[in-house]
Visitor: 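Here it is, the structure, as structure tokens.
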Amino acid sequence: MLGLTPQWRLEWGGQLLFHGEQGTISHGEMPGFNTLDVFAVPQRHSVSEVTRAAAYRRYAVTGWLRG
């Protein structure tokens, strides 16, 4: 996932979340400008909801490499 929003705050949501065996969140990554998050799939993950109170919209490009 390539982050395209210049300024982002944690409390606005939109974090990339990774889930453990029991479905609990094992860790997360905050959106950042010009950052690229790469991870192997299949892996349980989600993106947290973005609050309407966010000063900006959250923009990202997502894709999959297939062999």
Visitor: Which pair of non-hydrogen atoms, one from Gly13 and one from Trp8, has the smallest distance, and what is that distance?
Guide: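 Looks like O-NE1, 2.8 Å.
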Visitor: Does any part of the side chain of Leu17, heavy atoms only, come nearer than 4.5 Å to the side chain of His45, both counted from C-beta?
Guide: no
Visitor: Using the salt bridge (Lys or Arg N to Asp or Glu O under 4.0 Å) rule, collect all pairs that involve residues 28-42, keeping only residues at least two apart or in two chains.
Guide: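 Sorted result for residues 28-42: empty, none.
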Visitor: Treating Ser48 as the side-chain partner and Gly14 as the backbone partner, does any N or O pair qualify as donor plus acceptor under 3.5 Å?
Guide: yes
Visitor: Do Val41 and Leu65 sit in one hydrophobic cluster, given that two such residues count as connected whenever their side-chain heavy atoms are within less than 4.5 Å of each other, even indirectly?
Guide: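 Looking at the clustering, Leu65 is in a separate group from Val41.
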Visitor: Applying salt bridge (Lys or Arg N to Asp or Glu O under 4.0 Å), name anything that partners Glu11, two or more places apart in sequence or on another chain.
Guide: Arg9
Visitor: Check whether any side-chain N or O of Thr24 sits under 3.5 Å from a backbone N or O of His19 as a donor-acceptor pair, and report yes or no.
Guide: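 It does not hold such a pair.
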Visitor: Does Phe39 share a hydrophobic cluster with Val47, counting links as ILVMFWY side-chain heavy atoms below 4.5 Å and allowing steps through other members?
Guide: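 Hydrophobic grouping puts Phe39 with Val47.
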Visitor: What pair of heavy atoms forms the shortest contact from Phe33 to Thr5, and how long is it?
Guide: CB-O, 3.4 Å
Visitor: Less than 4.5 Å apart, any side-chain heavy atom of Phe18 and any of Arg44?
Guide: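 No - every pair of side-chain heavy atoms lies 4.5 Å or more apart.
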Visitor: Would you indicate whether the side-chain heavy atoms of Met1 and Thr35 approach each other to under 4.5 Å?
Guide: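 No; the side chains remain at least 4.5 Å from each other.
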Visitor: So, Thr51 side chain and Trp12 main chain: donor-acceptor pair closer than 3.5 Å or not?
Guide: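 Side chain of Thr51 to backbone of Trp12, a donor-acceptor pair under 3.5 Å: no, none is there.
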Visitor: In the hydrophobic clustering (ILVMFWY, side-chain contacts below 4.5 Å, transitive), which residues join Val61, or is it alone?
Guide: Leu2, Leu4, Leu36, Val38, Tyr59
Visitor: Within the supplied structure, the quantity of interest is the number of heavy atoms (other residues, nucleotides, ligands) at a distance under 6.0 Å from Gln43 CD; does it exceed 12?
Guide: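 Check passes, neighbour count above 12.
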